[in-house]
Novice: 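Provided herewith is a single structure, encoded as structure tokens, for subsequent inquiry.
The figures here come from the full heavy-atom set of this structure, side chains too, leaving out hydrogens, waters and symmetry mates. For this chain, numbers begin at 1 and follow the sequence in order. As the structure lists them, so they are numbered: ligands from 1, and atoms in each ligand from 1.
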Amino acid sequence: MPTPFDNSFVSLPKSFYMRQDPVPVAAPALIKFNHDLAAETGVQALDFPLEVLAGNTVPEGAAPLAAAYAGHQFGNFVPQLGDGRAVLLGEVVGPDGLRRDIQLKGAGRTFFSRGGDGRAAIGPVLREYLVSEAMHALGVPTTRALAAITTGETVRRETPLPGAILTRVAKSHLRVGSFQFHYARQDKAALETLTEYARARHYPEAKTPLEFLDAVVAAQAGLVAKWMGLGFIHGVMNTDNCSIAGETIDYGPCAFMDSYHPETVFSSIDRKGRYAYANQPKIAQWNLAQLAQTLVPLVGEVERLEASLHRFDDLYAAEFTRIFTAKLALAKPDTDFIVATLKMMADEGVDFTLFFRRLAYGQDISDLFTTPPTAKTWHGEWEKRRLPDAGMKAVNPVFIPRNHQIEAALKAAGQGDFAPFETLHAVLATPFSEKPEHAEFENPPNEDERVLATFCGT
Ligand code: AMP
Ligand code: MG
């Protein structure tokens, strides 16, 4: 059976997108194809040969387009962004009945490219491949990576770099910015159409635009709480990178914390720390407020929209407490103890992932502390509150994609050696199980391995 393309977005009004075929590339070569994901999504590998992944041929049934969206970038509104270097090939309905977008990221210039070249470099493509697949394995809603290829062309950034394309799979590519695009143009009809489309596609149980907002708020609150429970920092939580479906999307300068500190920022472009670890819930709520604003013309009841937004606080707090209660196997939810533990971790510079991993396996934690006696005191307090063996191993990963490991894998790949990328990918595929032969991937960076800044790579 051929891949069952079933394209719904292209049936929406013309103002939603521009038809755009991918721009062919010179000499594509496959880096990796995700066969498990292909099976899950109903994609036939045969329908996605190298020439399709490269954008040199358009597969039967596809209807390629670049979507229109706007967005607040670091708080500044840009009325038109859009897919400047991505082409939606089409949608596929999987054996699970779920509709998914198949998109080529780095597929060449589009109507929305502005000054950009429409391309992607190998580093960011492999970074997104590794981190998005790791997030999935860690149980976080996320866009996925179906394939990565090199183009055989050079992209010019600060230096010339090998070009690459990521085939991205998402529940959809609708963003808060998709709504802002039509709101900025005061196109009420388009907003109605988009809201109805997004509601029916992602939250069919929601019956009204208000209930739709409730559902998006709940999805984002749950998502960001999961990030916090893993020490994940998205890095560019602009409204155009905030998914309506509640998936983690647009992996740029994202990173996992090594030692815990709430103010941690990696992104080189986030100079004021707007998107620091601890700001993420606040920012998600701010982004949702921008979505709510676009629904005012449809709903009218501003107070009810505000109430929906305010629900974020409780939903997020409950999910945060639930996650950390499970991580620490506490006998009962205890926000004070969780907050005190995190404060202690910040003061002591404790490695976030190793701390919980060691606790889960009953191992010593004192060497993770600047002042080891503090570990003993804390441990005593914890013992009073914990349940013995309450599934800690299932919620505290042994492996996360550590920055320095990613950088090492990308550096090797840039020189044509994909072995470290493959190894890291394999280790991260089952992050909750110990792998003595790969124990080095558990380690925080040495002083000279530490990655201080991450880059968008656009
Ligand atoms: P991002 O930083 O990936 O969230 O992208 C922000 C905006 O810039 C989106 O509209 C992208 O399509 C656009 N963009 C990013 N990189 C490029 C590029 N190399 N060429 C064209 N547009 C780009
Ligand atoms: Mg983006």
Novice: Of the side chain and backbone of Asp240, name the one, both, or neither that has a heavy atom under 4.0 Å from an atom of ligand 1.
Specialist: side chain
Novice: Any N or O of Asp83 that comes nearer than 3.5 Å to an N or O of ligand 1?
Specialist: no
Novice: Under the criterion side chain to side chain contact (heavy atoms under 4.5 Å, CB included), I'd like the reasoning laid out for Leu53 against Phe33: C-alpha separation, chi angles, the key distance, then a yes or no.
Specialist: CA-CA 10 Å; Leu53 302 171; Phe33 186 85; 4.0 Å; yes
Novice: How are the rings of Phe352 and Phe356 set to each other: parallel, tilted or perpendicular (split at 30° and 60°)?
Specialist: perpendicular
Novice: Answer yes or no: is there a side-chain heavy-atom contact under 4.5 Å between Thr142 and Ser132?
Specialist: yes
Novice: As an exercise, identify every atom of ligand 1 less than 4.0 angstrom from a heavy atom of Tyr69.
Specialist: 9 (C), 10 (O)
Novice: Could you list the atoms of ligand 1 found under 4.0 angstrom from a heavy atom of Asn241?
Specialist: 4 (O)
Novice: One residue to check: Phe112. Relative to ligand 1, which of side chain, backbone, both or neither has a non-hydrogen atom less than 4.0 Å away?
Specialist: neither
Novice: Heavy-atom contact check, 4.0 Å cutoff: does Arg175 meet ligand 1?
Specialist: no
Novice: State the atoms of ligand 1, each with its element, that fall below the 4.0 Å cut-off from a heavy-atom position in Gly118.
Specialist: 18 (C), 19 (N), 20 (N), 21 (C)
Novice: Distance only, no hydrogens: is a donor on one side chain within 3.5 Å (strictly under) of an acceptor on the other, for Ser8 and Glu91?
Specialist: yes
Novice: Applying a 4.0 Å heavy-atom criterion (strictly less than), which segment of Leu81 is in contact with ligand 1: side chain, backbone, both, or neither?
Specialist: both
Novice: Which atoms of ligand 1 sit under 4.0 Å from any heavy atom of Asp250?
Specialist: 4 (O)
Novice: Is the side chain of Gln415 donor-acceptor paired with the backbone N or O of Ala412 at a distance under 3.5 Å, no angle test?
Specialist: no
Novice: Indicate whether the side chain of Tyr275 and that of Gln280 have a donor and an acceptor atom separated by less than 3.5 Å.
Specialist: no
Novice: Quick one: which of Arg109, Arg85, Arg114 has a heavy atom closest to atom 7 (C) of ligand 1?
Specialist: Arg114
Novice: If only side-chain N and O atoms count, and only distance matters, is there a donor-acceptor pair under 3.5 Å linking Ser172 with His202?
Specialist: yes
Novice: Looking at Asp250, which of its N, O or S atoms is the nearest one to the Mg ion (ligand 2)?
Specialist: OD2
Novice: Among Gly84, Gly106, Gly82, which one has a heavy atom closest to atom 9 (C) of ligand 1?
Specialist: Gly82
Novice: Name all pairs fulfilling the side-chain hydrogen bond (donor to acceptor under 3.5 Å, both in side chains) condition that reach into residues 206-221, sequence neighbours left out, sorted by first residue then second.
Specialist: Asp214-Arg304, Asp214-Ser308, Asp214-Arg311
Novice: Would you mind running through ligand 1 and noting each atom that sits below 4.0 Å from a heavy atom of Gln73?
Specialist: 6 (C)
Novice: Do Thr239 and Tyr69 pair up side chain to side chain, a donor and an acceptor below 3.5 Å, judged on atom types alone?
Specialist: no
Novice: Can a side-chain donor-acceptor contact be found between Asn238 and Arg274 if the only test is distance below 3.5 angstrom?
Specialist: no
Novice: What about Asp117: any of its N or O atoms under 3.5 Å from an N or O on ligand 1?
Specialist: yes
Novice: Is it the side chain (CB and beyond), the backbone, both or neither of Arg157 that lies under 4.0 Å from ligand 1, heavy atoms counted?
Specialist: side chain
Novice: Would you confirm whether Asp351, through its side chain, and Leu354, through its main-chain N or O, come within 3.5 Å as a donor-acceptor pair?
Specialist: yes
Novice: Decide, counting backbone as well as side-chain atoms, whether Asn238 has an N, O or S atom less than 2.8 Å from the Mg ion (ligand 2).
Specialist: no
Novice: If you count the atoms of ligand 1 from 1 in the order shown, which ones are under 4.0 Å from a heavy atom of Gly116?
Specialist: 20 (N), 21 (C)
